[in-house]
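Since this is a predicted model, take the numbers as computed values, not measurements. Below, chains carry the letters A, B, ... as their sequence lines are ordered, and counting in each starts from 1.
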Amino acid sequence: VKLGCVVQRYGAGVAGGSERHCREVALRLAASHDVTVLTTCAADYVTWDNELPAGESVDGPVRVRRFPVSRSRRLKRFAELSDEVFDGRAPEDQQEEWFRENGPDCPALLDYLRAEGSRFDLVLFWTFRYAPSFFGVPIVRDRAILLPTAEEDRAVDLGILEPFFQLPAGYLFLTPEEETLVSTRAGRPLRPSAVIGMGLDAAPLAAPAPPPAAPPGPYLLYLGRVDRNKGCETLLEYFLDYASAHEGLSLVLAGPAKMQIPAHPRVRALGHVQDAERDALLQSALALVVPSPFESLSIVLLEAWNRAVPAIVNAHCAVLKGQVRRANGGLHYRSSAEFAEAVEALRRAEGDRRALGAQGLAYVEREYRWPTVMSRVESLLSEVLAARRA
Amino acid sequence: LAADVSVDAVMADVQGRVRERLRLHLVRHGAAAFEDPELFAEVERLLRASVDEGDSHALILPELLGDPASWRLETAMRYGSHRPQASATFVLFVKRRLLMPLFRWLFEYSRDNFERQRRVNQVLFACVQELALENARLRHDIQQRQP
């Protein structure tokens with residue numbers, strides 16, 4: 001089957017959840033299909049500056065076609081437009097303009113889809129919020145499969161998305177909560193569809209030595225960008241509340257800091273860490289904490305479970321709470337008081353903590369190994385192809 | 001290793017402890033009605049359900065309030081001028097390109113607070129809806145039981 005994969009950025013060195021998801025799936029699909037990734041020359045998701053060469057290249061078995069972005073993102077204009085559009089009263093043309101300004105604005109990619117899109121049996125689009133998907137899906141709607149990677153943020157509320165979400169011929173979702181969210185916005189169940197998640201390889205069995213950067217006692221670990229939008233401000237507030245009443249537990253933040261981190265003897269901000277240290281930190285943590293209010297999957301949560309480490313997650317995020325309950329792999333909190341009680345529950349009952357971690361690992365084994373994920377993807381592709389040929 | 005630990009069971013314990021602490025705190029500060037733990041649990045359950053539903057679009061009050069321009073918080077800055085075309089263009093330029101960059105920090109501070117207020121309004125809409133529903137159901141039950 002000839003497959004196109006449209007994504008805003010692509011490459012081994014490109015960080016980003018949906019970009020990583022696209023690459024991992026494309027590489028595996030290429031084992032049995034003719035796969036071409038259609039993407040931009042951008043590497044930076046803020047500016048969309050052209051940094052990678054345009055034209056054709058290969059990434060293992062995958063053909064990659066890169067198209068130049070016509071202009072960098074106008075950040076000020078985008079911020080102003082976001083204010084207006086998320087106010088809830090913006091007309092459709094202004095909402096459409098938001099997608100254009102969000103970018104990456106890549107007319108050559110859209111021209112290619114217009115000219116050559118019919119040569120693909122199916123075209124998969126990652127992430128509804130970026131211009132290549134928003135403007136690309138309508139061009140090849142009869143063969144488009146959308147992976148919305150939608151979160152409960154303001155963008156998914158835009159009225160213009162109701163007709164957009166009706167267009168694709170099929171859907172791949174990351175979690176049941178994402179499927180519910182997008183179906184609700186579309187106003188109907190979206191079929192054919194499959195909930196696929198993300199595949200993980202088994203983690204090495206041998207436990208790495210505790211990392212030198214880890215504090216001496218038990219610690220909660222946050223992995224990722226330390227950012228207010230990721231819920232880190234609230235996490236720090238809750239942790240400092242907790243620390244004022246309980247002794248002995250530290251909070252380790254491993255990731256680049258995009259906000260002020262309060263100086264506190266039990267808060268350790270490590271900045272960016274290498275993969276080996278990240279793995280070691282995870283393996284030795286009391287629990288991973290995921291404070292983000294917006295997630296469509298949370299790969300880092302799966303990575304913690306892949307190492308049998310339980311999690312404490314923000315219950316205001318339906319995806320995180322749903323994942324933790326399905327896996328029986330951790331606890332959730334809605335307030336500072338619940339955060340403190342959940343942490344204490346894990347500290348008090350080591351047997352329960354280990355059991356929650358083990359249950360998380362069993363969930364990953366059951367749902368998120370690559371053969372399982374790819375069989376779901378393949379089933380959906382076959383279903384859409386059969387419907388098209390009928 | 002503890003076998004088959006249920007997240008829901010552990011969370012029920014966690015939330016039970018938090019709820020009881022909150023109840024005692026409220027009673028200490030004058031909410032005497034909450035001396036009855038069962039009553040408090042019922043109230044808390046109902047309000048929690050409303051908060052959970054607060055972000056949903058399935059709310060009746062916004063529809064009943066009518067023209068959104070008359071009640072909805074406007075969080076975006078919209079530039080306008082009552083002056084004639086030429087001077088209006090100049091005034092809008094000054095507002096947008098000179099004043100706004102200077103005062104953006106203040107605008108963002110206000111906008112963030114408006115956003116919070118908007119969320120609170122939404123949650124209150126949901127609470128009122130939940131209470132109205134509960135009231136309607138009780139009224140219905142009472143009518144059914146009447147001879």
Side-chain angles (χ1 to χ4, degrees), chain A residues 76 79-90 94 152 154 157 181 184-185 187 228 293 308 310-313 315-316 318 321 323-346 348-360 362, chain B residues 1-25 44 47-48 51-58 62 67-79 92 95-97 100-101 104-105 107-108 110-112 114-115 118-119 121-123:
Chain A
K76 203 167 141 204
E80 285 176 0
L81 192 59
S82 296
D83 287 341
E84 291 172 23
V85 164
F86 294 149
D87 186 45
R89 296 174 301 136
Q94 201 175 24
E152 286 182 280
R154 306 296 296 275
D157 281 337
L181 174 68
T184 304
R185 296 296 183 263
R228 193 179 165 204
I312 299 178
V313 305
H316 290 289
K321 186 178 173 185
Q323 285 284 76
V324 156
R325 292 184 69 211
R326 274 188 294 279
N328 263 320
L331 304 177
H332 48 84
Y333 62 90
R334 303 169 55 97
S335 63
S336 181
E338 283 190 5
F339 175 82
E341 280 292 339
V343 172
E344 280 301 285
L346 291 186
R348 270 196 305 265
E350 175 63 12
D352 283 1
R353 188 189 73 83
R354 284 176 178 274
L356 290 168
Q359 288 167 182
Chain B
L1 201 71
D4 291 340
V5 175
S6 156
V7 168
D8 287 350
V10 178
M11 283 311 304
D13 282 349
V14 164
Q15 288 166 346
R17 282 193 291 274
V18 171
R19 193 182 303 124
E20 184 57 11
R21 265 210 311 274
L22 173 63
R23 186 182 73 81
L24 294 174
H25 172 83
E44 199 258 1
L47 292 179
R48 183 179 283 251
V51 172
D52 288 343
E53 291 302 310
D55 289 333
S56 112
H57 290 222
D67 179 11
S70 66
W71 60 269
R72 191 163 56 190
L73 285 166
E74 293 181 7
T75 54
M77 177 69 80
R78 286 171 204 275
Y79 300 94
L92 291 181
K95 282 183 181 176
R96 188 188 286 269
R97 298 290 165 225
M100 185 58 176
R104 187 154 188 95
W105 61 274
F107 164 68
E108 286 176 354
S110 311
R111 185 197 54 198
D112 289 352
F114 278 134
E115 288 294 344
R118 177 148 71 177
R119 174 155 192 271
N121 291 353
Q122 189 112 349
V123 167

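Only the side chain of B:P101 comes within contact range of chain A, with at least one heavy atom under 4.5 Å from a heavy atom of that chain. The part of B:L73 that comes within reach of chain A is its backbone (N, CA, C, O), which places non-hydrogen atoms under 4.5 angstrom from that chain. Neither the backbone nor the side chain of A:A340 comes within contact range of chain B; no heavy atoms are under 4.5 Å apart. For B:F107, the part lying under 4.5 angstrom from a heavy atom of chain A is the side chain only. If you measure heavy-atom distances from A:R334 to chain B, the contacts under 4.5 Å come from the side chain alone.
Proximity of A:V324 to A:K321: side-chain heavy atoms (C-beta onward) are nowhere separated by under 4.5 Å.
Counted by atom type alone, A:Q323 and A:R326 present one or more donor-acceptor pairs between their side chains at under 3.5 Å.
No donor-acceptor pair under 3.5 Å is formed between the side chain of A:N328 and the backbone N or O of B:S6.
Heavy-atom pairs under 4.5 Å with chain A were tallied for B:R17, B:Q15, B:R104; the largest tally goes to B:R17. Comparing B:R72, B:M100, B:R19, B:R96 by how many heavy-atom pairs each has under 4.5 Å with chain A, the most go to B:R72.
Taken to the nearest 0.5 Å, the CD atom of A:E152 stands 11.5 Å off from the NE2 atom of A:H316.
Taking A:A90 as the reference, A:V85, A:Q94, A:Q95 meet the side-chain contact (heavy atoms from CB on, under 4.5 Å) condition, with sequence neighbours excluded. Scored by the ring pair (Phe, Tyr, Trp, His ring centres under 6.0 Å) test, A:F339 finds A:Y333 as partners (sequence neighbours excluded).
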